[in-house]
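What follows is a single structure, written as structure tokens, with notes after it.
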Amino acid sequence: METHQVKVHTELETRQVAAQLAVLLKPGDVVTLEGELGAGKTTFTKGLANGLGVKRHVSSPTFTIIKEYQGELPLYHMDVYRLENSEEDIGFDEYFNGDGICVVEWAQFINEFLPEERLEIEIQYAGEESRTIQFKAYGTHFEGILRDL
Ligand SMILES: Nc1ncnc2c1ncn2[C@@H]1O[C@H](COP(=O)(O)OP(=O)(O)OP(=O)(O)O)[C@@H](O)[C@H]1O
């Protein structure tokens, strides 16, 4: 496992870091996003979407669990909060081994379905508009991505 940390000072910077990451990702990649309410998980996903060339507006998938966006690669934005303790498999494998990028919020609730190789991202408050973005790469593919980021 390798880690990397970036400090950002504006919302735009958060989006830019995410967009830089997006171009390094490949189909079937799984990225998990953690952070308290308002930390910037949706903002980060918007940046990722931008980097993937998604034109549509990205909004939180809380009530739908999965939202799909078409870009240079498909983006699957998942919020699995509502699956807490349900142990329900809604066909994660097809997404996690699929043709697009998966961004998963509240991933701890579906731990048993998560692939071992993944990129964990945690966004922490560091001031009004400042955030610390912490990356943990599991597996050689994501470790390589962290070195290029
Ligand atoms: N550096 C920053 N990075 C990201 N967001 C920032 C930053 N500075 C300020 N913000 C603001 O913080 C808010 C982040 O909201 P966002 O919806 O992305 O958070 P979230 O983690 O998805 O929250 P929730 O769990 O409620 O969905 C936005 O209003 C954004 O403008």
Side-chain angles (χ1 to χ4, degrees), residues 1-92 95-96 98 100-115 117-138 142-143 145-149:
M1 196 263 285
E2 277 189 29
T3 62
H4 177 66
Q5 196 165 299
V6 187
K7 179 100 182 264
V8 294
H9 303 281
T10 61
E11 176 179 342
L12 180 64
E13 272 186 73
T14 298
R15 286 174 181 251
Q16 283 169 340
V17 170
Q20 278 163 18
L21 170 65
V23 298
L24 300 172
L25 296 173
K26 66 173 180 45
D29 279 358
V30 176
V31 175
T32 66
L33 264 186
E34 283 171 67
E36 31 182 305
L37 244 85
K41 302 182 292 296
T42 303
T43 303
F44 192 92
T45 307
K46 285 178 178 174
L48 263 180
N50 233 295
L52 293 173
V54 171
K55 298 280 185 287
R56 256 176 65 209
H57 175 76
V58 173
S59 59
S60 171
T62 305
F63 297 104
T64 48
I65 300 177
I66 299 180
K67 275 193 180 169
E68 186 175 335
Y69 300 92
Q70 290 309 322
E72 273 153 53
L73 295 173
L75 172 66
Y76 302 107
H77 186 197
M78 310 182 186
D79 182 336
V80 297
Y81 185 80
R82 297 200 310 161
L83 299 181
E84 184 180 13
N85 299 327
S86 72
E87 289 178 19
E88 187 183 351
D89 184 353
I90 57 170
F92 290 112
Y95 292 101
F96 296 162
I101 309 300
C102 296
V103 173
V104 190
E105 297 189 29
W106 296 98
Q108 64 267 36
F109 291 157
I110 58 158
N111 228 337
E112 62 200 292
F113 303 114
L114 288 175
E117 298 224 344
R118 60 181 187 261
L119 182 62
E120 292 186 355
I121 302 176
E122 186 175 350
I123 308 174
Q124 288 164 334
Y125 279 98
E128 206 170 317
E129 281 198 56
S130 300
R131 304 286 189 271
T132 303
I133 306 177
Q134 170 100 39
F135 298 88
K136 282 186 194 166
Y138 294 88
F142 291 109
E143 287 171 357
I145 285 180
L146 282 203
R147 271 175 241 128
D148 293 339
L149 201 60

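Atoms within a ligand are numbered from 1 in the order they appear, just like the ligands themselves.
At a heavy-atom cutoff of 4.0 Å, ligand 1 is surrounded by Thr10, Glu11, Thr14, Glu36, Leu37, Gly38, Ala39, Gly40, Lys41, Thr42, Thr43, Glu129, Arg131.
Side-chain contact between Leu25 and Phe142 is present, with heavy atoms from C-beta onward closer than 4.5 Å. Glu2 places a side-chain heavy atom less than 4.5 Å from the side chain of Arg147. Counting heavy atoms from C-beta on, the side chains of Ile65 and Ile90 come closer than 4.5 Å.
In this pair, Phe109 and Tyr81 present their aromatic rings tilted. The plane angle is within the 30 to 60° band.
Classification of Glu13 and Arg15 as a salt-bridged pair fails, no side-chain N sitting under 4.0 Å from a carboxylate O.
Among Glu105, Lys46, Lys41, the one residue that satisfies the side-chain hydrogen bond (donor to acceptor under 3.5 Å, both in side chains) test with His77 is Glu105.
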